[in-house]
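Start at 1 and go down the list; that is how both ligands and their atoms are numbered.
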Amino acid sequence: MQFGHFDDAAREYVITTPHTPYPWINYLGSEQFFSLLSHQAGGYSFYRDAKMRRLTRYRYNNVPTDAGGRYLYVNDGGDVWTPSWLPVKADLDHFETRHGLGYSTITGERGGLRVATTFLVPLGENAEVSKVVVTNTSDAAKSVKLFSYLEFCLWNASDDQTNYQRNLSIGEVEVEEATPSGGSAIYHRTEYRERRNHYAVSGVNEPGVGFDTDRDTFLGGPYASLAEAAVPRAGVAQNSVASGWYPIASHAHELELAPGESHALVYVLGYEENDETHKWADDAHQVINKEGAHALLERFATPAHVDAALERLREYWADLLSSYSVTSTDPKLDRMVNVWNQYQCMVTFNMSRSASFFETGIGRGMGFRDSNQDLLGFVHLVPERARERIIDIASTQLPDGSAYHQYQPLTKRGNDDVGSGFNDDPLWLIAGVAGYVKETGDVAILDEPVPFDNEPGSEVPLWEHLVRSLTFTRTHLGPHGLPLIGRADWNDCLNLNAFSTQPGESFQTTENRTDGQAESTFIAAQLVLYGEEFAGLAELRGLDDVAADARTFVADMRRTLLTAGWDGEWFLRAYDYFGNPVGTDASPEGKIWIEPQGFAVMAGVGVEPGEDGVSAATSPAVRALDAVAEHLGTPHGLVLQHPAYTTYRVELGEVSTYPPGYKENGGIFCHNNPWVVIAETVVGRGDLAFDHYRRIAPAYREEISEVHKLEPYVYAQMIAGKEASRAGEAKNSWLTGTAAWNFVAVSQHLLGVRPGFDGLVVDPQIGPDVPSFTVRRVLRGATYEIEVTNSGRRGSRAALVVDGVAIEGRTVPYAPAGSTVRIAATL
Ligand code: GLC
Ligand code: GLC
């Protein structure tokens, strides 16, 4: 069952009913100011940091869900409704939400009145701007009253929902009924009198007939819901001025509309900072200096200004998406690759794991591990921002090569909440930097001076940070020669030293057993893959002996993985604190885990028959992947391990806390499925790779939206696994490493076009279902037009003809900027 459809030409998803199984959201903003916006106008806005600078309030965990947003109440001759359906929930004759790239349009129509609101955060602005077009579609004249509504958050979102003894007394606003640009504005200035030098402005481009800034006045007392709001029902604004309690912004307007007539209004929610010395417009320090807000409102004084900003935003996205596009016979594949997967990569890059409808924006900052992986799917979009991010991340690294697990975007400092000790973290930095250098050829980044732990004076070249990452891993090996896991590896919930028995204790920060020797095959596989990348980077720096040394170590680790790390038919997952294997056929639960199978084969471990010392016809890699399909495969994707744990296992940690089939305990954790997709391409089974890809890709799940529940245009972190009672149901959409890794899997391995250190590799492996396709790739200033004729036969690899000349191998040397290279690939 579907609740909408893709509009591929417009690059929009069109939701045609408010009654989706969950709020389906979009993100506005790509630089500093961001908004979350559901298809029914719920969500909130913040400046840079969803915890420290929250502009508007949103109630997670509320009943009903999705409470809080920017709403527009309509009073049409006494009939009160909201075009976004929520919060009034009056039936609509027509409803449609179009989520586009950085903007959304929500349209509701009732009783011959159509209201269409387009929301966006214009490029270069710290503001959410919306254009509301009200059209009389009836054949009689109408007199319509409009009341906008949003509720301010008192800046620190965490404090905002905990410290009511203070908060309910500090709310302050200023009202400006006539702004210089001809509209009116409400200013949220809580704490501006003291240490805050920032304020929010809610403005509208035409003078209103009244306003409200006190929530209880607007709603009609503390027991009224948003649906019952008194002011829109009475049709008269009260001109209330908030003093403490709950400051809001509501602007009232009246429109007279002839049949067929439309009128447009512009609303702006902006964030402004003043420097300390220019905070006030008066000597008594009572009136905010509003210069910034006035200039902002002036820039959006007419609907045409909004149209122009939307046009610029569309051009910006068209340009961003032009560096990778495919044309194939499969429209679902094309829309994932050309639009939605890349779009989600931008959002995960911007948000990390901070703010979504599943992440409150107050929990986590930017993850070291997460942000490095997010880079892999983002770097081709805006390489300069990827570069800046790499420097920010590396600046939080500790001198011994280990890493803070997270940092706060506002301060860019490592965050002690979770501390360090996740032993996979250091190697992800190599992944991020290698991805960046392959994309851009900017080897100079390796010479960039970067501090440790943001300590001025500790700067060393970025290259030295990578050396320390690798050294940390090499010097933290356990009894079997595999890397020590520390608090956890990629799997946050595999806590082999935690031994936690106290409710509420964090599995990620607790290590009740010290001197743990627990080891991870995942980090071992990571070391093989990124040790090789490290060697490639070393060669670019002319450090051939360093490269050779790294490769020797990598070769040893490959052997270790196939001996101590091998269970007979697949890779083990770990050795626990006591030295017992985890992920072995010998145990009744958690026999086989996905992570090392995908990651080790992706790194090329075990791809030769007999590599495990057993002279079987089939390589260990293929046997491991066959075991994955057999034990972990489901119609909805591959589960993380099987069988799931049915009881709490103190020696394994959080992984065994989830009910079977959810999250890291037998859920389909979508982040690691693309590792298996890539692994299948490594062993030449494109058909199986593409099959795994399609099972979790949202566009392919659109028709089962009633099962999947979440947005059919972006990936979710998890889909409930086969042992869950709600198998196939997704949770935690948007902010997940799934976005970046699936883009890597599909663009670089299935379609097979990937930047290498010394050329563009063309090596498609997608199986017979996509018999031909073309990829257009813009890289380092040159354009590559690649035409693929694909038999899809297992084991066959592309033969390349470059500008009419057949070449050896599958690496096309980089062409000078400005040139166009035509590549024909046949397999
Ligand atoms: C979440 C975390 C990520 C972790 C994964 C598996 O997605 O953000 O860091 O690797 O869960 O536990
Ligand atoms: C990741 C995991 C989750 C765990 C969390 C801890 O998000 O997916 O299960 O609780 O990390 O930070």
Compare all side-chain heavy atoms of Arg385 with those of Phe378 and state whether any distance is below 4.5 angstrom. yes

Is it true that Glu595 and Asn491 share a donor-acceptor pair across their side chains at a distance under 3.5 Å? yes

Assess His671 for proximity to ligand 1: is some non-hydrogen atom of it under 4.0 Å away? no

If I compare all heavy atoms of Met336 with all of Tyr715, which pair ends up nearest, and what's the gap? CE-CE1, 4.0 Å

Should the proximity of Asp370 to ligand 1, defined as any heavy atom under 4.0 Å, be assigned to the side chain, the backbone, both, or neither? side chain

Taking CZ in Arg726 as the centre, count heavy atoms belonging to other residues, nucleotides or ligands within less than 6.0 Å. Is the count above 12? no

Could you tell me which atoms of ligand 1, counted from 1 in the order shown, lie closer than 4.0 angstrom to a heavy atom of Gln717? 1 (C), 7 (O), 11 (O)

Purely on distance, is any nitrogen or oxygen of His405 under 3.5 Å from one on ligand 1? no

